[in-house]
Amino acid sequence: MMKQILLLLLFISSATVFAQTELSQKSTHKNGLLIKYELINKSEKINNGEITIMPEGGTPPYKFYWSKQSISSDSPTAKELTEGVEYFVRVKDAEGAYIDKSFEIKPESIDERINAAFTPVVEAIETVIMADIFAGIGLYNPVLKDDNGEAYHHPNGNEEKMKIPLVVFWLVMGALIFTLSMGFINIRGFKHAIDLIRGRFDNPNHKGEVSHFQALATALSATVGLGNIAGVAIAITVGGPGATFWMIVAGFLGMSSKFVECTLGVKYRRIDSNGEVSGGPMYYLSTALSRKKMGGLGKILAFIFAVLVIGGSFGGGNMFQANQSFSQISSMFPSLEHQGAYYGIILAILVGVVIIGGIKGIARVTEKVVPLMAVMYVAIALIIIFVNIDRTGEAFGLIINGAFGVDALKGGFLGVLIVGFQRAAFSNEAGVGSASIAHSAAITDEPVSEGIVSLLEPFIDTILICTMTALVIIFTGFYTPEMSSGLEGAELTSRAFGSVFSWFPYVLIVAIFLFAFSTMISWSYYGLKGFTYIFGNIFYKLFKNKNVVKYTYYVLFLFFIVVGASSSLGAVVDFSDFMILGMAFPNIAGLILLVPEVRKDMKVYFTKIKSGEIKRYK
C-alpha cells in the first residue's frame, strides 16, 4: 500500500512540476568531467523554467557560463527561463576543462506554447528594429569600461555594451529634420496652439467630428500611460538623473514630428456621406506620394503601416494595458490574484460602452479623463517637490551634470543621451503616426491648425508629466542604487511617491487603471481605421453593410482585453510593441518625402493668420 501511495505522489508531483533529469555522456577532457542536469517546468505560467547543473569529476570549483546574461557564472542554477527556448551553458573546472551543453525546457501549457512560438519571431524583429548599425560598422566601441579602461561584465561574464537602437535613431533623426525644416515650429507655434485649443479660431462651418481639444485629449490618452510611470523610472535607473535632460530634449524635438504628421493627417483625410472621418498615415502615404508619382511606394508604405497599427492595437494598445493594470491592482489586493478573467470582462464592458459610439464617444470620455489624470498626477508631484524644495539645486545639478558627464558606468555622455531619447520616443510616440489618426477627425478645414495643436502632445506627455515623475524620483533619492535596489518600473515610481505620501500607491492604482482604460479606447480607434483600410471594401462586397467591418474589429478588440487580463503575455506583447515601434519606419520615410509640401502649407497658413483671412472668433 505504501508503495502505491509513493508512486501516486510521484506521479502527481511530476505532473505539476514536469522535472526531467538525465546524465550527460559528453566529456571533452581526459580528467573525466561530466555533468548531470535537471530541467524543471515549475508551473503553467511562462518564464519560470529552471535548469540545475550538477558537475562530477574534474577539479572544483566550477564555473557556469550561461547564455542568459543575468545569471551569475558562480550559479549552477538558471531561473526564470522561457519554456521552448534553447539555452546554452559552458561548465568549466579549475583546470580549464569544460563541457558545452544546450538545453530546452519543454512548454506544457497553452501560454507557454504561444510564448515559445512568438519568442523567436520577437528576437528576429528585435534584431532589425533595435539593431546598432553604428557599432556594426565600427563608428564607436559599444563596450562599457571603467576609469581604468577595464570592461564591465554581466553576471554571466559577458561584456556590458551600450546600444544605439536603429528605431530610436530613426525617430530622433526625423524629429531633428522636421524641427529644422519647419523653422522651430515647436517654439513658434506654441502660443497659437494654446489659442486653438481654447477655441479662439473655431469656425462652426468647418467639417470634422471632434473639437481641437477633444482630438488632443484622444491622442494624449493613447500616449499618457504606463510609459510615464514605469518608463521614466527605467530611464533613471539605467541612465541616471542625466537621462531626464535628454528626455526633455527628445520631447521638444518630437513636437515637430507631431506637427508634420498631424497636418498631413487632416489634409488627406476622407469624409464619407455620413460625415465619418478616416485619416492617418494610411491615407497620406498612399495619396500624397501618388501625387508625387510615387504611388507604388506610397501604397506599400500605407499597407505596412495599416498592418502594424492593427497588431499594435491588439497588443500594446490593449492586452498589455489590461495585463499590467490588473497586475498592479492584484499586487495591491492579493485576493484578486486569480480573477483576471473577471477583471477583463468588466474592463471589456466598460471599453465597449465607450467605443461603440465611435470617435465622438471616445472624445467625450477622453476630454474628461485625460485632464483629470494629468492634473491629479502633476499636482501630487509638485507637492512632493515643494516638500523637498531645499534639494532643488542638488536635483538640477544631478540632472545637468549627469546629462553632460562622462560616467563610464552609464556609457558616458552618449549612453545617457540614448537612454533619455529612447524612453521619450517610446512614451510620446512622436513620429510613429498613430496620433494623426485621432487628429484627422478634428473640426477644421485648415490642416496646419491641427498640426499646431498636436505639437502640444509631446510637451504634455514628456516635458511635463515625464519630467514630474523624474523629479520626484530624484528629489526623494530613489535614483540611487541603494534606494532603488530590487525595484523596477512602476514599483520604483510608486515607492518614490509613497515615501512622502503613504497613501499614494492607492492613488497610483487609480491612475494606472485610468491610463490603461483611456489608452485602450484610443487605440481601438487607431486599430479600427487600419482594419477598415485593409478589409473595409472586402467586407462591404461580402455583406453590403459598412458596419460589419467595424463590429468585427470591436468584437476582436474586446476579446483580446479578456485574454490580456487573464493570460501571461510575454513575447506576444513584445511582438506587438515592436509593431508599434515599427510604424515609425514607413511613416517617417513618407514624412521626409513630404516635408517641402508641409513647409509650404505652413507658410501659407501663417500668412492667412496675419492678413486676417483666417478669422478669430473669440
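Bear in mind the structure is a predicted one, so any value in this text is a computation, not a measurement.
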Identify the heavy atoms of [X] and [Y] that sit nearest to each other, and give their distance.
X	Y	answer
M520	L347	CE-CD2, 3.2 Å
E104	L39	O-CD1, 3.8 Å
T519	F515	OG1-O, 2.8 Å
A78	L81	O-CD1, 3.7 Å
I71	T77	CG2-O, 3.9 Å
A94	P60	CB-O, 3.6 Å

Gap between atom [atom2] of [Y] and atom [atom1] of [X] - 0.5 Å precision:
X	Y	atom1	atom2	value
I329	I512	CD1	CD1	8.5 Å
H154	K161	NE2	NZ	9.0 Å
K42	N47	NZ	CG	13.0 Å
L471	I385	CG	CD1	4.5 Å
D93	T59	CG	OG1	5.0 Å
I304	N587	CD1	CG	12.0 Å

- Would you say the ring centroid of Y87 lies under 6.0 angstrom from that of F103?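 For Y87 and F103, the ring centres are not under 6.0 Å apart.
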- Item | Check: S73/N156 side-chain N/O donor and acceptor closer than 3.5 Å |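 No pair is found: no donor N or O on one side chain lies under 3.5 Å from an acceptor on the other.
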- Message: We want to know whether T82 and T119 form a side-chain donor-acceptor pair, criterion being a heavy-atom distance below 3.5 angstrom.
- Response: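 Absent: no donor and acceptor within the cut-off.
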With a sphere of 6.0 Å drawn around [atom1] of [X], does it hold more than 12 non-hydrogen atoms of other residues, nucleotides or ligands?
X	atom1	result
F396	CZ	no
E80	CD	no
F88	CZ	yes

- Going through the checks in order, is the side chain to side chain contact (heavy atoms under 4.5 Å, CB included) test met by F314 and L556? CA-CA 8 Å; F314 288 146; L556 289 171; 3.9 Å; yes
- Stepwise side chain to side chain contact (heavy atoms under 4.5 Å, CB included) test for I310 and Y526: CA-CA 8 Å; I310 294 170; Y526 297 165; over 6 Å; no
Does any N or O in the side chain of [X] come within less than 3.5 Å of the main-chain N or O of [Y], such that one atom is a donor and the other an acceptor?
X	Y	value
N401	G397	yes
N388	R391	no
E83	N48	yes
N41	K106	yes
N158	Q69	no
E112	E108	yes
S75	S72	no
T467	T462	yes
W523	S434	no
W170	I588	no

- Verify side chain to side chain contact (heavy atoms under 4.5 Å, CB included) between K63 and V91, making sure each step is shown before the conclusion. CA-CA 6 Å; K63 284 286 187 179; V91 181; over 6 Å; no
Minimum side-chain heavy-atom gap [X]-[Y] below 4.5 Å:
X	Y	result
C466	D461	yes
V249	W246	yes
F517	S325	no
I51	I105	yes
H153	E160	no
I129	L166	no

- Can R90 and I99 be said to form a side chain to side chain contact (heavy atoms under 4.5 Å, CB included), step by step? CA-CA 6 Å; R90 168 169 288 182; I99 291 178; over 6 Å; no
- Ion pair present between E56 and K36, side-chain N to carboxylate O less than 4.0 angstrom?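 A salt bridge links E56 with K36.
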- Query: In terms of ring plane angle, is the pair Y377 and F497 parallel, tilted or perpendicular, where the classes change at 30° and 60°?
  - Reply: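 If you compare the ring of Y377 with that of F497, the planes turn out tilted.
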- Considering the options V432, L308, V309, which one meets the side chain to side chain contact (heavy atoms under 4.5 Å, CB included) requirement together with I580? V432
- Item | Of Y62, F64, Y98, the residue whose pairing with K92 passes side chain to side chain contact (heavy atoms under 4.5 Å, CB included) | Y98
